[in-house]
Amino acid sequence: MQDYLKGLNEQQYAAVTHKDGPIMIVAGAGSGKTKVLTTRIAHLMALGVDAFNILALTFTNKAAAEMKERISKILGNNEARNLYVGTFHSVFARILRGEAHRIGYPNSFTIYDSDDSRGVLKTVINELNLDDKLYKPNVVHSRISQAKNALVGPAEYAIDHYIQQEDMRSNRPAIAQIYQAYASRCFKNGAMDFDDLLLKMYELLNTQPDVLHKYQHKFKYILIDEYQDTNPVQYQITKLLAAANENICVVGDDAQSIYSFRGATIENILQFQKDYEDVKVVKLEQNYRSTKSILNVANEVIKNNKGQIPKNLWTDNEGGEKIRLVRTMTDNDEGRFVADTIQEQKLRNHYHNKDFAILYRTNAQSRSYEESLRRMGIAYKIFGGLSFYQRKEIKDFIAYLRVIVNTRDEEALKRIINYPVRGIGKTTIERALIAANEQNVTLWEVLMRAGEFGFKSGTLEAINNFTTMIRYFQTLLNDKNASDVAVQVGKHTGLIKDLFSDKTTEGLARYENVQELLNSIKEWTESPDTEDGEVVNKNLAVYLQQITLLTDADNEKEDADVVKLMTIHAAKGLEFPVVFVGGVEETIFPSAMSINTREELEEERRLFYVAVTRAKARLWLTYANARYRFGNLVQNEPSRFLEEMPEDYIDRSFAGGGARNQGGNDNMGSAFQRMQRGFGDYNDAAQAEKRYGAPPQKKVPLLGKDAPASKPSYINAPPKPAQVANHTPSANFTASDTSNLKVGQKVEHQKFGFGAVIKMEGSAHNPIATVQFELNGEKKIMLNYAKLRIVE
DNA sequence: GATTGCGCGATTTTT
DNA sequence: TCGCGCAATC
């Protein structure tokens, strides 16, 4: 038996060694999915399958790169470089690069990112004289995107009764018209948007039998990762490709399907079993990632979803610590708590920054974490923000490159036609655009034949200078590589000079960004000219098609010792020793947008499942009583998902003593009721009185402008302290210096009364004392925040 | 053509 | 609240 098969469990072994015919692997979270996929590919190659004949489709470029690397390691040779591994989008873009002419596109087609798509939509909506308040590019785009992902073209969209009804109901009957116009405008521009990369690939295979034949025989073995997140187009494409050999292997976990808003459908998993006869189904149910506590919580919560593939995810790992549930007063407190706890955990358990991840539902939540981490001097990085390629100066520069490669690219052309300023003003552009529409030619063609359209001589000269310059760049394409062309562009357009002359800080940053872009083009140009077994020309067109499909996550260096901040979506497929999930509140998680149907809610629950299962050893779930949203203070209830967690694996006592510690265990009430009552005060014990009690059920508007910002006394909680025995501070109460507090010392707390220190823990930066109070039982007191008077 | 100011909308997730 | 886009102005 080959060595690489030795480390596999029974199910993994079965999945790896099944050679021919369709197979579906249901892989629970942390069950060694990547290991199985990579070992399987290595095994196929060991059995003599040529790497050139294997296609593996992943969800991210990063996953693809990781896969190749691991296969190389298993095989101990360089054969893996000949594998065809990549995302759906990048693999199809690569194929279309060679075949697009077959369906009427230039092979050097441009790929439009979401910004470009929105731009085209804006133009089209204006041209149709539609109200852009009603037809917001974002809304329209997602509608069109859904249609494309479901293989519904403009014509079908327009006549489909159900779709039309939906659009009528939302008072947007013209979407069909916009879709049509958008599609033909993209086509005219020689451009494909993200969805087109799939749709046109399907069209290509479906209408060009010889092309289909070619790729069916090239890809003798097909593997698809994250199958639960595929959409109908992806399903149909892979079905076509696999039709000749039916050696198709899909791996997925229905419990982790979190992209239905993008058209993904779990239906594909069911359909798969119907479409292929004798599908072998293997379930990977042993989890190697998380502690029992973490896994049990995840399992218990996901049980509330109906209609899953039955499976029993279990682990041999140790029980581990309980999951900590922490309630704070505000989102800022939440941020502070997390930063403090990271600091404390680093010292206590010898973690590094990179061991921590802070996960959240929406990007907006990152702010409070950032502030706190920065204040404490903890290095962090936010993943998934504005990508490098979305910066204005980068887009400007790239727009030149795009126009040079494809003059039909109107979006890019409009962007640079008068940047830097060269005397082609708004009215000129307006006129040229109208002429282009009237004559049904491209904007570029109008510019080339500007003499025929009666522009003033000055304007005409400006236009001619511009087109001459672009055409000069085009002459370079033949014998210069991407990097050389880019450098010429920087010089001759005056772009570099323009940026360099801006001496403001931002201007300097912009200049440096463009330099970085030039460097990266150079680097790409000089890298080996094969990829996935194909010789790749290092020309501009190829470069541009690649970078559009790059996301920030793909460029990240793994090794940096930083705390990672990202959305839960972005965290899919990753794992971290310590995880914080923030904002576990109603209206955030589950999102207020996704609680209207059972389907939506179940997807939120799966998202929760994904969040929890990212953690290997330790997990905190935090939520705030109130947080700022659009400048208003909003109160949220704890997430319903918290109710669904099994009590045995949860520690609610952490931050400042929980309800369970507050004496009298008899009438604790349900877990949820206790959560609602609150867990004492993390931030400032002196204010606790104001805050205890059930949180208000309704949103409470922020008090007037003069409400002191530093003291969040806005919460209209009834002043009755639910469970805290009253204590009136001694007249001589002054906070003592507690930096040398020792076990056994007697202390007074303003609210909890007198007690004795029974345990000291935490770090020097964030010491925590456990105090046995005479009246209020045992509490954890964070000395940085709570004030204690040392009695003796 | 650039600058300023005002008003309005935004926050679910992204290849 | 904040940031962006658009309109009015020099």
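By convention in this document, chain letters (A, B, ...) are assigned in the order of the sequence lines, proteins followed by strands, and residues within each chain are numbered from 1.
One interatomic measurement links the two molecules: NZ of A/K426 to C1' of C/dT9, which rounds to 13 Å at whole-angstrom precision. Whole-Å rounding puts the A/N231 CG to B/dT15 P distance at 14 Å. Nucleotide C/dG5 holds its P atom 15 Å from the CG atom of A/N126, rounded to whole Å. The CD-C1' distance, from A/Q146 to B/dT15, rounds to 14 Å in whole Å. Rounded to whole Å, the distance from CZ on A/R118 to P on B/dT14 is 13 Å. Rounded to an integer number of Å, the gap from A/K62 NZ to B/dT15 C1' is 15 Å. Across the protein-nucleic acid pair, A/D193 atom CG and B/dT14 atom P stand 18 Å apart, rounded to whole Å. When the P atom of B/dT14 is taken as reference, atom CG of A/N149 falls 16 Å away, rounded to whole Å.
A/T87 is linked by a side chain to side chain donor-acceptor pair (under 3.5 Å) to A/S90, counting only residues two or more places apart in sequence or in another chain. Under the rule for a side chain to side chain donor-acceptor pair (under 3.5 Å), the partners of A/E604 that lie at least two apart in sequence or sit in another chain are A/R361, A/S594.
If you take atom P in C/dC4 and the same atom in B/dT11, they sit 12 Å apart, rounded to whole Å.
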Query raised in the report: Quick one: what's the B/S/- string for nucleotides 7-13 of chain B, heavy-atom cutoff under 4.0 Å, read 5' to 3'?
Result: ---SBBB
Report summary line: A correct dot-bracket answer for DNA chain B, with pairs being Watson-Crick or G-U at under 3.5 Å, [ ] for crossing pairs and | for inter-strand pairs, is ||||||||||.....
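Judged purely by atom type and a 3.5 angstrom limit, A/S260 has no side-chain atom pairing as donor or acceptor with the backbone of A/G263.
For the side-chain contact (heavy atoms from CB on, under 4.5 Å) criterion with A/L544, the lone passing option out of A/I111, A/I398, A/D409 is A/I398.
Among residues at least two apart or in separate chains, salt bridge (Lys or Arg N to Asp or Glu O under 4.0 Å) pairs with a member in residues 622-632 of chain A are A/E334-A/R627, A/E585-A/R627.
Residue contacts for A/D195: at a heavy-atom cut-off of 4.0 Å it reaches no nucleic acid atom on any strand shown.
Taking 4.5 Å as the limit, every side-chain heavy atom of A/N406 sits out of range of all side-chain heavy atoms of A/R402.
Checked against the 6.0 Å centroid threshold, A/Y360 and A/F589 do not count as a close aromatic pair.
Electrostatic pairing of A/E371 and A/R375 does not count as a salt bridge here, judged by no charged N lying under 4.0 Å from a carboxylate O.
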Using atom types as modelled, flag every donor-acceptor pair under 3.5 Å from a side chain in residues 138-147 of chain A to any protein atom, sequence neighbours excluded.
residue, atom, partner, partner atom, Å
A/N138, OD1, A/R118, NH1, 3.0
A/S142, OG, A/V139, O, 3.2
A/R143, NE, A/Y157, OH, 3.1
A/R143, NE, A/D167, OD1, 2.8
A/R143, NH1, A/E166, OE1, 3.1
A/R143, NH2, A/E166, OE1, 2.7
A/R143, NH2, A/D167, OD1, 3.2
A/S145, OG, A/D195, OD1, 3.4
A/S145, OG, A/D195, OD2, 2.9
A/Q146, NE2, A/F261, O, 2.8

